[in-house]
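Written out below as structure tokens is the structure these notes cover.
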Amino acid sequence: MERVLSEQELLRRKSLVELKKLGVNPYPAEEYKVNTSTTKILNDFESKPEQFKQIKIAGRIMSRRIMGKASFAEIQDSFGKIQIYINRDEIAPSEDKTLYNEIFKKHLDIGDFIGVEGYVFKTQVGEISIHVLKLDVLSKSLKPLPIVKTDKDGKAHDAFTDAEQRYRQRYVDLIVNPKVKETFIKRTQLINSMREFFNKEGYLEVETPILQPIPGGAAARPFITHHNALNTELYLRIANELYLKRLIVGGFEGVYEFAKDFRNEGMDRTHNPEFTVMEIYVAYKDYKWMMNFTEEMLKEIATKVLGTTKVNFQGKVIDFEPPFARVPILDAIKEHTGVDVTQYDEPQLREKCKEIGLEVDETMGKAKLIDELFGEKCEHHYVQPTFIIDYPVEMSPLCKKHRDNPELTERFELMINGKELANAYTELNDPIDQLERFQDQLKLSEKGDDEAMFIDHDFVRALEYGMPPTSGMGIGIDRLVMLLTDNVSIQEVLFFPQMRPEKKAISLTDSEKQILEELKKSNPKDLGELKAAVGLSNKQWDKGMKGLSSHKLITVEVAGDNKTVHLKA
RNA sequence: GACUUGUUAGCUCAGCUGGUAGAGCACAUCCCUUUUAAGGAUGGGGUCCUGGGUUCGAACCCCAGACAAGUCACCA
């Protein structure tokens, strides 16, 4: 179906044609060799003006101020914006002023890519600008960009803010909202500095399968897909933990992976169906070592990305300076609810939870009750980075039992701003214990717990060959980026967050279909006859006819009093 | 999945009690050679999210739906 173009889009298409008529290729193929950038000019012009006598730069036109024979415009490259000054008689020195009067003034628009050559100077108002001597069209833009104007105080006017449009058309968001671009640059810097931190230690970055026959390593509903040649179901991974541990069995002493994981669950401000997790496993270490390692890592990342360990987040200051507090989960519960979990058996604990006002039911075991107590009553207290440690064994089927207490495990979760950021274990490497824990999970799942894990027999087999004592840690990259960039929505740190598909092409309404049916029987047809034949109400007829002509399916020919409707092929 | 709010020009938004659809920016034409959220004058631009209903008459009221945001539920 033909697209309806707006007035501005039609004008730009006309300009495109005009440019071609004037011998200008609006989409040239040749390389355009720039020799500087907007930031280089803005940073270095004052101190080394001699370096900017002959510059060549390319970018997108972001604003234009035309004043007779002279004009100002701003062009934007990947670093920022700079003003350019264009004088008619300098870019078109001969009698022929077409380049200025026609090409620049009439047929170039905001959004077009141009290349300019010239020299840098300072205007009377004191703005570093480029005095243009030569101008080339590099790419014509056919859709008008939203115009965001920034005043002297740096305040944006008419900013492009509609979340739906910003996420669906992230390319536009990136062009007009510099803060958005900054967020994504920081995201990459964060990942790079984390990677450097691991590589410096000699750990090996690896890749493990995304398509897995058994979705293991976490409790979550997976996406299911089908492999035709193998005629088997495969799952998009919900975690990569069990594969990384297989590599530790295989003899690597430190492996890590930045992994896209997939979970077929609800979406909200902190959950996207695909998200990024970094998992690392290091042999001969325990969770205490991992806490120190994690602290150091976060300190270094914050320092490299932001230049400080003190992070502003939603008006709070979060300090990544080690050491972080270490609080056993049962102590945390005691502190914030007064409930000493160790004093109660399961039914008593359930009663206690009810007293505090938690919603609990009979299917919830002790582990789940503890989880609930912590999640509802304690979690939000931990704004500054805090390791919550020593979780009950039922909650952690892949984690080694605590060296001092078999009811607990050697596990920590790193809480920041009241949310979990990282999760780590002294890994369970006893194959017999591991199989039993899997079997316990199976029992839970038979009881109807849909969070319970599958048994991965190959993983148990790997453990039977022997896995060295190992500590592993997983950290949510998207959430870390959110913290460091002061964003509360995961969509703000993903280039292309998941959205429902956009509306399909408009389908015809019933009245439009009726009119079309009649018209197909005899085409063309007199308008009055057609109306009588269809037998629609005035309103429906009017709507139907308007709809059809706007879809360009019919035309109405008027000859005096005779109106004839034509069906287009 | 439930609830709340929203959807009007390319963008940001007004639109009263149901009575001819508005502003700023952008766009077009004209004036202007160092301007800057440039300015002045004039002008064009609309599937008021979609479909139904009520009404003499719907952007507005009612019903159903789409999409989004937020809250909750579910879920690390």
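Side-chain atoms are counted along with the backbone in the values below, which use heavy atoms only and exclude waters and symmetry mates. Keep in mind that what you see is a predicted model, and the values were worked out from it rather than measured. In what follows, chains are A, B, ... by sequence order, proteins preceding strands, each numbered from 1.
Atom-to-atom, CD of A:Gln169 to P of B:C11 comes out at 8 Å; the value is rounded to the nearest Å. If you take CZ of A:Arg12 and C1' of B:A26, they are 9 Å apart, rounded to a whole angstrom. The separation between A:Asp112 atom CG and B:C27 atom P is 11 Å, rounded to whole Å. Following rounding to the nearest Å, A:Glu18 (CD) and B:A28 (C1') show an atom-to-atom distance of 14 Å. In this structure, A:Ile147 atom CD1 and B:A9 atom P are separated by 16 Å, rounded to whole Å. Between A:Ile61 atom CD1 and B:C27 atom P there is a gap of 11 Å when expressed in whole angstrom units. One interatomic measurement links the two molecules: CE of A:Met62 to C1' of B:A26, which rounds to 13 Å at whole-angstrom precision.
Between A:Phe454 and A:Tyr235, the two ring planes are tilted [angle within 30° to 60°].
A:Tyr85 and A:His131 share no side-chain donor-acceptor pair at under 3.5 Å.
Contact annotation: A:Arg500 side-chain N/O to B:A66 OP1/OP2 distance is not under 4.0 Å. Close to B:U35, at under 4.0 Å from its OP1 or OP2, lies no side-chain N or O of A:Arg64. Considering only side-chain N and O atoms, A:Lys149 lies under 4.0 angstrom from the phosphate OP1 or OP2 of B:A26. Here A:Arg65 does not reach the OP1 or OP2 of B:U35: none of its side-chain N or O atoms lies under 4.0 Å away. A close approach under 4.0 Å does not occur between any side-chain nitrogen or oxygen of A:Gln124 and OP1 or OP2 of B:U36. Regarding contacts with the backbone of B:U35, every side-chain N or O of A:Gln83 stays at 4.0 angstrom or more from both OP1 and OP2.
Partners of A:Glu102 by salt bridge (charged side-chain N to carboxylate O under 4.0 Å, His left out), not counting sequence neighbours, listed by chain and number: A:Lys106. Applying the salt bridge (charged side-chain N to carboxylate O under 4.0 Å, His left out) criterion to A:Glu492, with sequence neighbours excluded, gives A:Arg166. Partners of A:Glu410 according to the side chain to side chain donor-acceptor pair (under 3.5 Å) rule, which considers only residues two or more places apart in sequence or in another chain, are A:Arg403, A:Thr426. With sequence neighbours left out, the salt bridge (charged side-chain N to carboxylate O under 4.0 Å, His left out) criterion links A:Glu427 to A:Lys245. Among residues two or more places apart in sequence or in another chain, the salt bridge (charged side-chain N to carboxylate O under 4.0 Å, His left out) test is passed with A:Arg500 by none.
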I'd like a table of atom pairs between the protein and nucleotides 21-24 of chain B - only N or O on both sides, under 3.5 Å - with the distance next to each one.
from  : atom 1 : to       : atom 2 : distance (Å)
B:G24 : N2     : A:Asp158 : OD2    : 3.3

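Relative to the side chain of A:Phe160, the nucleotides B:U35, B:C27, B:U12 differ in distance, and B:U12 lies closest. Taking only side-chain atoms of A:Glu7, from C-beta outward, the nucleotide of B:C11, B:G44, B:C27 with the closest atom is B:G44. Nearest nucleotide to the A:Met499 side chain, out of B:U33, B:A68, B:A28: B:A68. Comparing B:C67, B:A28, B:U71 by their nearest atom to the side chain of A:Arg269 picks out B:U71. Nearest nucleotide to the A:His157 side chain, out of B:A37, B:G10, B:A28: B:A37.
Base contact: A:Phe121 has a heavy atom under 4.0 Å from a base atom. At the heavy-atom level, A:Arg88 lies nowhere under 4.0 Å from the strands shown. A:Glu413 comes within 4.0 angstrom of a nucleotide base, judged by non-hydrogen atoms across all strands. A:Leu145 comes within 4.0 angstrom of nothing in the nucleic acid, heavy atoms only. When heavy atoms are screened at a 4.0 angstrom cut-off, A:Arg168 is found touching the sugar-phosphate backbone but no base atom. Using a 4.0 Å heavy-atom distance criterion, A:Ala159 is classed as a sugar-phosphate-only contact.
Within the 4.5 Å cutoff, no side-chain heavy atoms of A:Asn264 are placed close to those of A:Leu236. Looking only at side-chain heavy atoms (C-beta outward), A:Ile175 and A:Met62 come within less than 4.5 Å of each other.
Judged by Watson-Crick or G-U wobble contacts below 3.5 Å, the nucleotide B:U4 has B:A69 as its partner. B:C61 is paired with B:G53 under the Watson-Crick or G-U wobble criterion, all donor-acceptor distances under 3.5 Å. Taking a pair to require two hydrogen-bonding distances under 3.5 Å in either a Watson-Crick or a G-U wobble arrangement, B:C74 remains unpaired. Under the Watson-Crick or G-U wobble criterion, with both distances below 3.5 Å, B:C25 is paired with B:G10. In this structure B:U33 sits in no base pair that meets the Watson-Crick or G-U test at under 3.5 Å.
Nearest-nucleotide mapping onto RNA chain B: of A:Gln165 and A:His131, the residue sitting toward the 5' end is A:Gln165. Map A:Met67 and A:Thr161 each onto its nearest nucleotide of RNA chain B; the residue landing nearer the 5' end is A:Thr161.
A gap of 12 Å separates the P atoms of B:G24 and B:G39, to the nearest Å. Here, B:A28 and B:G44 have their C1' atoms 7 Å apart, quoted to the whole Å. Rounded to a whole angstrom, the distance from the P atom of B:G1 to that of B:G10 is 32 Å. Rounded to the nearest Å, the gap between the P atom of B:C13 and that of B:G53 is 33 Å. Taking atom P in both B:G15 and B:G22, one finds a spacing of 15 Å when rounded to whole Å. Between the C1' atoms of B:U4 and B:U47, the separation comes to 27 Å (whole Å). Remark: the separation of the C1' atoms in B:A23 and B:G45 is 14 Å, to the nearest Å.
For the side-chain contact (heavy atoms from CB on, under 4.5 Å) test with A:Leu242, the passing option among A:Ile214, A:Leu398, A:Thr208 is A:Leu398; the others fail.
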### Task
Let me see the working for A:Ser15 and A:Glu18 under side chain to side chain donor-acceptor pair (under 3.5 Å), right down to the final yes or no.
CA-CA 5 Å; A:Ser15 286; A:Glu18 293 300 321; over 6 Å; no
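Checked by distance alone, A:Gln8 brings a side-chain donor or acceptor within 3.5 Å of a matching partner on the base of B:A26. Remark: the A:Tyr85 side chain and the B:U33 base include a donor-acceptor N/O pair separated by less than 3.5 Å.
Evaluation of the salt bridge (Lys or Arg N to Asp or Glu O under 4.0 Å) test over residues 472-489 of chain A, restricted to residues two or more places apart or in two chains, returns A:Arg187-A:Asp478. Sequence neighbours left out, not one pair with a member in residues 140-171 of chain A passes ring-ring contact (aromatic ring centres under 6.0 Å, His included).
Within residues 414-423 of chain A, the residues approached by RNA chain B to less than 4.0 Å at the level of any non-hydrogen atom are A:Glu420, in residue-number order.
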